[in-house]
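Whatever order the structure lists them in is the order used to number ligands and atoms, beginning at 1. Just so you know, residue 1 is the first one in the sequence shown, and it goes up from there.
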Amino acid sequence: MIGDKKVILSGMQSTGSLTLGNYLGALKNWVSLCEEYECFYMVADLHSITLRQDPAQFRKSARNLLTLYIAAGLDPHKNCIYFQSHVPQHAQLAWVLNCFTYMGELNRMTQFKDKSAKHSDNINAGLYTYPVLMAADILLFQSDLVPVGKDQLQHLEITRDIAQRVNAIYGDVFTIPEPYIGKAGAKIMSLQDPTKKMSKSDENPNASIYLTDDKDTVIRKFKRAVTDSEANIAYNDEQAGIHNLIDIYGACTGKTPDEVVREFNGKGYGDFKMAVGEAVADTLSPIQTRFDELSKDKAYIDSIIKDNAEKASYYAEKTLRKVMKKVGFTEKIR
Ligand code: ATP
Ligand code: LTN
């Protein structure tokens, strides 16, 4: 708790361009939380180097991500938006937690297995201990709730296990966090293979809608989206492609799947795909305009980066000191 508010922390990796999946599954749900909760949203740049990054490109995409957070509607005065690498306590706590995490636990992580299969030339220790850094991110702010997509639940589970283990040894050190899954858009699927999630690292650009795609591109991608030969707009698991398009349309317009099915009853897939494309383009357009404006205002973004890193460091240091003391490190002479 900070004051009388519960704490929320989440973050995204600054690798590649954000997709509609990232927006509908995560970012969009974050925007309204700041009235009720004390919110921390980091650009998870320390996580990004588990895959090799080109320095100039990395720097640019990290700043773009922070700018997009604001463009998508996160008010930087009501939400603490910062770079993970500006708050060194993340890495310090991760080291301590490494010593309370078992290799057997890390061996079970599906993201590690997937990413090491994809990047077999660079299976580094950071990729392996990634969930420990993520646990540190969450526990550093004594977070109560962590908004993530379903794909991150396993990481949240290991975070809880690590926190409970530390608490069992040293007493009440960490708040045990709970996942917070938004209702709409929890899992947006690839437009080219609707059994796979839409992912920013997908090699096929037609599989994902990027937040920076213009209207023509968005519509073209939806026209090409893989569906089925049923020629019937219905919401069921057998028609994965149409199911996904209904989810996307619903998330962009605020309509329930039933309402969407009724609206397009008797219409063809062509008409429906066009409508989904239009709804998505209308959702993205104001974000893109705001992003362009913000990108030009270097001084403003710099001031947000500085002020919020200071705020995050204050709370992070409080937890880190508590942990170091409980574990038995000698306190610094100040
Ligand atoms: P990568 O392809 O690099 O693994 P990603 O697109 O899967 O990236 P992450 O950086 O892992 O994205 O995720 C950022 C946030 O977006 C997380 O909260 C994640 O759960 C959510 N998210 C990612 N993809 C989707 C999706 N297709 N549908 C809903 N939420 C998603
Ligand atoms: N692993 C997450 C990004 C991430 C995160 C976090 C999310 C890093 N640290 C802490 C929530 C809380 C991902 O790949 N989406």
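- Only the side chain of V148 comes within contact range of ligand 2, with a heavy atom under 4.0 Å; no backbone atom does.
- Remark: ligand 1 and G11 share no N or O pair separated by less than 3.5 Å (distance only, no angle test).
- Residue I138 has at least one heavy-atom neighbour below 4.0 Å for each of these atoms of ligand 2: 10 (C), 12 (C).
- Heavy atoms of M42 come nearer than 4.0 angstrom to ligand 2 in at least one pair.
- For D282 and S285, the side-chain atoms include no donor-acceptor pair closer than 3.5 Å.
- Around atom 20 (O) of ligand 1, the closest heavy atom drawn from D151, I248, L65, D202 belongs to D151.
- The aromatic rings of F40 and Y82 lie perpendicular to each other, with more than 60° between the two planes, well past the 30° mark.
- Between Y210 and K221 there is a side-chain heavy-atom pair separated by less than 4.5 Å.
- Where the criterion is an N or O separation shorter than 3.5 Å, residue side chain and backbone included, M189 fails it with respect to ligand 1.
- When the heavy-atom distances from atom 6 (C) of ligand 2 to M134, K115, Q13, Q84 are ranked, the shortest goes to M134.
- Hydrophobic clustering (ILVMFWY, side-chain heavy atoms < 4.5 Å, transitive): F83 and I70 are in one cluster.
- Distance check: Y23 OH to M12 CE gives 10.5 Å after rounding to the nearest 0.5 Å.
- Between K78 and E35 a salt bridge is recorded (basic side-chain N to carboxylate O distance below 4.0 Å).
- Residue G25 has at least one heavy-atom neighbour below 4.0 Å for each of these atoms of ligand 1: 29 (C), 30 (N).
- Only the backbone of K187 comes within 4.0 Å of ligand 1, counting heavy atoms alone; no side-chain atom from C-beta on gets that close.
- Atom numbering of ligand 2 starts at 1 in the shown order; those under 4.0 Å from a heavy atom of Y130 are 1 (N), 2 (C), 3 (C), 13 (C), 14 (O).
- A side-chain donor-acceptor contact under 3.5 Å links S14 and S48.
- Residue I242 is tested with N236, V261, N232, T227 for a side chain to side chain contact (heavy atoms under 4.5 Å, CB included); the sole match is T227.
- At least one heavy atom of V148 sits less than 4.0 Å from an atom of ligand 1.
- Looking at ligand 1, you'll find an N or O of K200 within less than 3.5 Å of one of its N or O atoms.
- Polar contact check, H155 against ligand 2: no nitrogen or oxygen pair lies under 3.5 Å apart.
- Between R63 and D302 there is a salt bridge, with a side-chain nitrogen of the basic residue lying less than 4.0 Å from a carboxylate oxygen of the acidic one.
- In terms of N/O distances under 3.5 Å, ligand 2 is not approached by Q111.
- In the vicinity of G11, heavy-atom distances shorter than 4.0 Å reach the ligand 2 atoms 3 (C), 4 (C), 5 (C), 7 (C), 11 (C).
- Once rounded to the nearest 0.5 Å, the distance linking CG of L153 with OG1 of T159 reads 11.0 Å.
- The atoms of ligand 1 that sit less than 4.0 Å from any heavy atom of A26 are 15 (C), 16 (O), 18 (O).
- For the 3.5 Å distance criterion, the side chains of N64 and T67 fail to qualify, holding no donor opposite an acceptor.
- Ligand 2 places these atoms under 4.0 Å from at least one heavy atom of L9: 10 (C), 12 (C).
- Checked for salt-bridge contact, E259 and R262 miss the test: no charged N lies under 4.0 Å from a carboxylate O.
- Atom 9 (N) of ligand 2 has its closest protein heavy atom at D137 OD2, 2.7 Å.
- In this structure, K115 counts as a contact residue of ligand 1, since one of its heavy atoms falls inside 4.0 Å of the ligand.
- Nearest to atom 8 (C) of ligand 2 among the protein's heavy atoms is H47 CE1, 3.4 Å.
- Residue-to-ligand polar distances keep S10 apart from ligand 2: every N/O pair is separated by 3.5 Å or more.
- By the neighbour-count criterion of 12 heavy atoms within 6.0 Å, atom CE of M1 is densely surrounded, having more than that number from other residues, nucleotides or ligands.
- Distances below 4.0 Å separate heavy atoms of V146 from the following atoms of ligand 2: 11 (C), 12 (C).
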